[in-house]
Amino acid sequence: MVIGLGGTIAMTQTGGGGVTPTLSARDLVDAVPGLADAGIDVNVLSLRNRPGASLTSEDILELAETLTEHFADGVAGAVITQGTDTIEETAYLLDLIHTGPKPIVVTGAMRNPTLAGADGPANLLAAVTVAASPQARELGCVVVLADEIHAAARVRKRHSMSTAAFVSPTGGPLGYLAEGQPRILNRPSYRATLDLRLLRRPLPRVGIHIATFGDDGALLPILAGGLDGLVIAGFGVGHVPDTWVTHLEDAASRIPVVLASRTGAGFTATSTYGFPGSERDLLSRGLVPAGILDPYKARLLLQVTLASTGSHAGAVAAFTAMSRTDRTPPLTGPAAPYRETVTR
Ligand code: ASP
């Protein structure tokens with residue numbers, strides 16, 4: 001099943017004022033050389049035609065419901081075509097609520113179809129091949145561009161224009177396509193999902209605030225006052241200016257506050273530094289470490305854990321469990337609403 005949401009892959013010139021999404025999922029599939037002869041039975045559906053920036057959480061939750069119906073009807077795998085601007089977030093949201101073994105593959109294009117060397121058709125062919133492959137089962141949602149297969153939980157868009165914009169800075173890609181065939185080299189050992197039907201909608205309001213040099217933190221109480229949850233994109237392993245500490249402690253007493261890194265790769269620390277505003281200091285004041293998750297993915301995980309548990313303590317427990325990369329250490333605490341998949 002190929003489902004179109006819009007994005008550069010579907011954009012053409014309409015009135016001389018720049019490209020906009022116009023092509024349907026059928027148009028995209030028909031434009032791929034070799035797809036008709038690949039021996040894969042492809043159905044199409046155009047669900048939205050928007051730039052990636054204007055997709056909403058509700059669009060993705062409705063997409064997840066549509067996918068559940070199609071999987072129940074016997075579809076073996078799904079490909080979503082959409083704007084690359086938000087793929088790193090939409091793919092992770094889908095990953096968090098996709099409980100079955102069938103592959104969901106998200107793809108797009110960096111060059112629109114009117115340009116020389118447009119990458120949409122090659123990406124779509126690769127994505128359909130991965131979605132139809134038994135090798136992609138149990139991987140959850142993956143992102144396929146430029147012949148690389150990335151885990152939704154790790155992929156980042158790290159270049160504004162390059163056709164090689166998508167990377168997995170921590171852990172690397174799950175695999176590649178070689179001569180058109182998927183080769184999975186790194187299978188994640190742990191994945192946790194939430195039942196879509198448990199989510200209260202609309203999703204809670206969770207914001208991100210980035211630590212920046214010389215910021216006195218005066219805006220933090222105003223920001224936190226308007227949110228259900230907050231993610232701090234700290235310096236390095238998870239540090240903020242000492243002037244932020246009491247504001248964050250106060251916020252964390254009322255709403256879940258997650259501590260991530262603004263660096264774009266690596267884990268947040270938990271037990272290294274001891275100064276005011278260090279990761280140890282902030283965690284002792286009630287902040288929750290994001291682990292391997294970047295701030296954008298941490299925000300989504302906090303939204304869905306809040307939406308499914310409905311409580312501060314429940315969201316913190318589910319966030320802590322679901323942001324792990326393996327099953328250790330074993331967790332204690334309130335009964336968790338998430339479902340775990342252990343593949344190794
Ligand atoms: N540049 C974006 C893309 O690659 C535009 C969008 O996200 O819609 O699709």
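Start at 1 and go down the list; that is how both ligands and their atoms are numbered. Remember, it's a predicted structure, so these values are computed and weren't measured experimentally.
Taking every non-hydrogen atom of M11 and a distance limit under 4.0 Å, the qualifying atoms of ligand 1 come out as 8 (O). Those atoms of ligand 1 with a heavy atom of P51 less than 4.0 angstrom away are 8 (O). Heavy-atom contacts of G7 reach the following atoms of ligand 1: 8 (O), 9 (O) (cutoff under 4.0 Å).
Annotation: T86 places no N or O atom under 3.5 Å from an N or O atom of ligand 1; distance criterion only. At under 3.5 Å, a nitrogen or oxygen of G52, whether backbone or side chain, sits near a nitrogen or oxygen of ligand 1.
Residues T12 and T22 bring a donor and an acceptor atom of their side chains to less than 3.5 Å of each other. A donor-acceptor pair shorter than 3.5 Å can be found between the side chains of T90 and Q82.
In terms of protein heavy atoms, atom 4 (O) of ligand 1 is closest to T84 OG1, 2.3 Å. Looking at atom 3 (C) of ligand 1, its nearest protein heavy atom turns out to be T8 OG1, 2.7 Å.
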CA sep, side-chain torsions, deciding dist, call: H159, F166, ring pair (Phe, Tyr, Trp, His ring centres under 6.0 Å): CA-CA 7 Å; H159 196 288; F166 284 83; over 10 Å; no
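Taking the six-membered ring where the residue is Trp, the centroids of H209 and W244 are separated by under 6.0 Å.
Residues R48 and E62 are in side-chain contact: their nearest non-hydrogen atoms beyond the backbone lie under 4.5 Å apart. Contact annotation: the side chain of L174 approaches that of P188 to within less than 4.5 Å [non-hydrogen atoms, C-beta and beyond].
The side-chain hydrogen bond (donor to acceptor under 3.5 Å, both in side chains) with E88 is formed by just one residue from the set R156, K157, H150; it is R156.
Not a single heavy atom of R50 sits closer than 4.0 Å to an atom of ligand 1. Under a 4.0 Å heavy-atom criterion, A109 is in contact with ligand 1.
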